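What you see is a predicted model; the values in this text were computed from it and never measured. When a ligand or atom number is given, it counts from 1 through the structure's own listing order.
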Amino acid sequence: MNWWQHGVVYQIYPRSFQDSNNDGIGDLRGLIDRLDYLNDGTSKSLGIDAIWLSPIHPSPMADFGYDITDYRDIDPVFGTLDDFDQLLQQAHQRDIRIILDLVANHTSDQHPWFIDSCQPGSDKADWYLWHEENTRPNNWQACFGGSGWSWHPGRKAWYYHSFLPQQPDLNWRNPQVQQAIREVMEFWLARGVDGFRLDVVNLFYKAIDLKNNPTDWFKPARPYDRQRHIHDRDQPEMHTLLKQMRQWVDQYPNRMMVGEIFIADSDNASLPASYCGNGDELHLAFNLEFLRAPFSAAAFRSVIRKWIDLLGHENWPNYTLSNHDVKRHISRYATHEQTLDRARLLAAMLLTLRGTPFLYYGEEIGMPEQAVSRRQLQDPVGKRYWPLHPGRDGCRRPMMWDSPNVFSNVTSWLPETRSEGVTVADQSHNPSSLLSWYRQLVWLRKRTPALHKGKLKLIGSPDEVLAYERCDQQRLLILLNFSSQAQPINLHRHAIDQCLANSQLDAPLFRNGSLLLRPLQALILEISPDFPRRASVAP
Ligand code: NOJ
């Protein structure tokens with residue numbers, strides 16, 4: 001089994017993890033200093049197996065690194081190539097793999113390729129999507145607002161950008177572009193990186209006839225969200241390209257690609273699975289449906305069931321609750337008193353499902369969304385749509401290491417409001433903290449084959465309980481009570497060999513010999529092998 005299947009991945013937004021040179025922005029040296037926190041080989045550390053780093057390449061930072069000017073270097077704000085090599089070496093020594101963010105749908109408008117492409121007669125004239133007419137060719141919109149087509153006065157032509165005008169889209173139909181990105185990938189693979197997260201990978205190809213997207217004029221939404229994006233993404237050629245990319249990557253042993261499939265709503269939740277092909281395209285395609293799910297057992301059960309069915313036997317699942325584009329889940333699901341219990345329950349789900357869990361830095365200490373005033377906004381999305389959409393700064397806040405925070409010795413690039421008890425220092429030595437719970441779950445998963453590779457079977461349960469078995473040599477039953485009421489479970493205490501993990505301090509409760517799940521309780525139980533298999537634990 002591969003590391004990207006049994007391991008736990010931890011996403012780091014490098015600007016916000018650890019500053020080492022007192023400029024208020026996180027960097028690679030800072031991250032190296034924190035590697036022991038992530039995995040020092042003992043259960044005193046978090047125990048993660050891989051880091052996905054959001055972009056670290058040179059960039060004018062119009063979209064904070066998702067606008068690259070040089071794919072083969074490190075932005076000075078994060079350090080140097082030497083620092084990166086150090087990071088790779090030190091991470092590998094600790095059995096931590098490194099996944100880079102490959103932003104290849106678009107570059108920065110400051111990238112030499114684009115600057116070149118703007119020159120009349122350039123040999124890179126066809127590296128981007130140009131339209132040499134007086135009017136825009138169609139109604140395609142940019143995801144971050146406005147038309148997707150901007151006028152370039154130098155070349156006297158329109159160019160297409162799926163996001164900001166400073167992020168022109170590459171022309172993936174040009175074999176030279178394919179070759180250039182292949183060389184970038186090989187540059188990093190040869191250096192030792194373990195994989196890539198492919199940014200908006202389903203956007204690479206656009207329909208060649210540039211037809212208008214159909215528009216629902218009555219939908220109360222931004223022009224971008226009123227369109228059905230059938231011509232500006234998800235073209236069949238992408239599957240051929242991914243099969244090739246898979247071969248480029250698989251030439252190097254034990255490497256992987258995880259793709260972000262950009263979908264506007266859950267209407268086409270089946271798309272991500274399609275980009276895994278028959279085990280011959282992406283190694284993993286992000287399932288981002290948990291980011292939209294309401295807090296209910298039924299909602300999560302339905303996402304899991306659908307995802308398993310769509311992936312089939314060849315492809316491997318993955319799950320994630322938070323990332324750098326959405327409100328942190330602890331804040332999404334916050335209630336007055338039960339926020340922490342909910343976070344503990346969701347951690348138990350994420351780390352016991354069959355599929356690679358992706359954690360987002362700070363979720364292990366319950367770092368909430370940071371309120372950012374209009375004056376403090378950095379994210380271009382927030383700047384354009386505030387207050388309708390406050391932007392993504394709130395989930396990119398500096399990591400809360402200690403109090404006073406030691407993310408940086410100077411004012412950080414984003415505000416950091418202290419939340420009581422929400423620091424690594426507060427929680428590290430407290431056995432009942434959220435951090436200790438994450439550590440317990442990650443290490444339990446690591447040493448328990450049923451959890452990291454066993455089969456998963458969803459089983460019937462009371463409506464507000466999510467229940468599944470994970471089986472290998474061992475038989476485990478995971479019970480997750482999403483409600484604030486106790487829930488009866490039809491399971492006699494004699495069926496339980498041992499309780500491997502309990503999200504709450506109180507021991508499991510039995511009434512007349514049968515289990516009663518406490519409100520918001522998560523239990524991981526080992527079931528006796530002799531106990532007959534059942535399709536349901538509903539009373
Ligand atoms: C998706 C990334 O997750 C997001 O942060 C970025 O702004 C866009 N792609 C554009 O690259």
Side-chain angles (χ1 to χ4, degrees), residues 9 11-16 52-69 71 75 99-111 114 128-129 140-146 148 150 160-170 172 181 184 196-204 206 222 224-225 229 232-234 238 257-265 271-272 275 282 284-292 318 320-328 358 360-361 369 372 377-385 389-397 414:
V9 186
Q11 183 193 354
I12 288 183
Y13 199 68
R15 294 181 79 80
S16 290
W52 150 28
L53 278 176
S54 287
I56 49 172
H57 305 302
S59 163
M61 304 287 168
D63 188 18
F64 291 98
Y66 285 94
D67 48 323
I68 292 172
T69 53
Y71 286 99
D75 193 285
I99 301 172
L100 287 184
D101 215 315
L102 183 72
V103 187
N105 173 66
H106 45 269
T107 67
S108 158
D109 63 345
Q110 306 298 308
H111 195 294
F114 187 71
Y128 292 82
L129 298 166
W140 298 354
Q141 298 288 305
C143 175
F144 290 168
S150 285
Y160 183 68
H161 49 88
S162 299
F163 296 92
L164 296 173
Q166 296 94 319
Q167 296 169 293
D169 281 30
L170 283 162
W172 271 93
I181 295 295
V184 166
F196 300 104
R197 176 258 186 194
L198 302 189
D199 190 56
V200 293
V201 70
N202 59 324
L203 266 55
F204 286 17
K206 287 82 180 165
R222 306 180 309 147
Y224 181 87
D225 298 318
H229 295 274
D232 55 354
R233 60 176 69 164
D234 296 309
M238 194 59 215
M257 294 184 292
V258 51
E260 179 202 25
I261 314 303
F262 199 66
I263 39 181
D265 49 46
L271 262 184
Y275 286 103
L282 291 171
L284 298 175
F286 273 118
N287 175 1
L288 300 179
E289 291 307 304
F290 278 3
L291 306 181
R292 312 173 218 257
N318 66 85
T320 183
L321 287 162
S322 286
N323 69 24
H324 65 295
D325 287 330
V326 295
K327 192 170 180 178
R328 285 175 173 270
F358 281 75
Y360 184 49
Y361 80 99
E369 193 80 356
V372 178
L377 285 177
Q378 304 277 339
D379 178 27
V381 176
K383 285 184 177 169
R384 178 155 185 144
Y385 290 110
H389 187 318
R392 301 165 294 177
D393 295 320
C395 64
R396 300 173 177 181
R397 59 181 299 179
L414 276 177

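At a heavy-atom distance under 4.0 Å, only side-chain atoms of Arg396, from C-beta outward, approach ligand 1. For Phe64, no heavy-atom contact with ligand 1 is shorter than 4.0 Å.
Residue Arg392 has at least one heavy-atom neighbour below 4.0 Å for each of these atoms of ligand 1: 4 (C), 5 (O), 6 (C), 7 (O). Residue Phe163 approaches ligand 1 through these ligand atoms, each under 4.0 Å from one of its heavy atoms: 8 (C), 10 (C). Under a 4.0 Å criterion applied to the non-hydrogen atoms of Val200, ligand 1 contributes the atoms 1 (C), 9 (N). Each of the atoms 7 (O) of ligand 1 lies under 4.0 Å from some heavy atom of Phe144. Near His324, the atoms of ligand 1 lying under 4.0 angstrom from a non-hydrogen atom of the residue are 2 (C), 3 (O), 4 (C), 5 (O). The His106 neighbourhood of ligand 1 comprises atoms 10 (C), 11 (O), with distances under 4.0 Å to a heavy atom of that residue.
Tyr71 has its ring centre less than 6.0 Å from the ring centre of His111. Taking the six-membered ring for Trp, Tyr66 and His324 have ring centres closer than 6.0 Å.
In this structure, atom 11 (O) of ligand 1 lies nearest to the protein heavy atom Asp199 OD2, 2.8 Å. In this structure, the protein non-hydrogen atom closest to atom 7 (O) of ligand 1 is Asp63 OD2, 2.6 Å.
In this pair, Trp52 and Phe286 present their aromatic rings tilted. The plane angle is within the 30 to 60° band.
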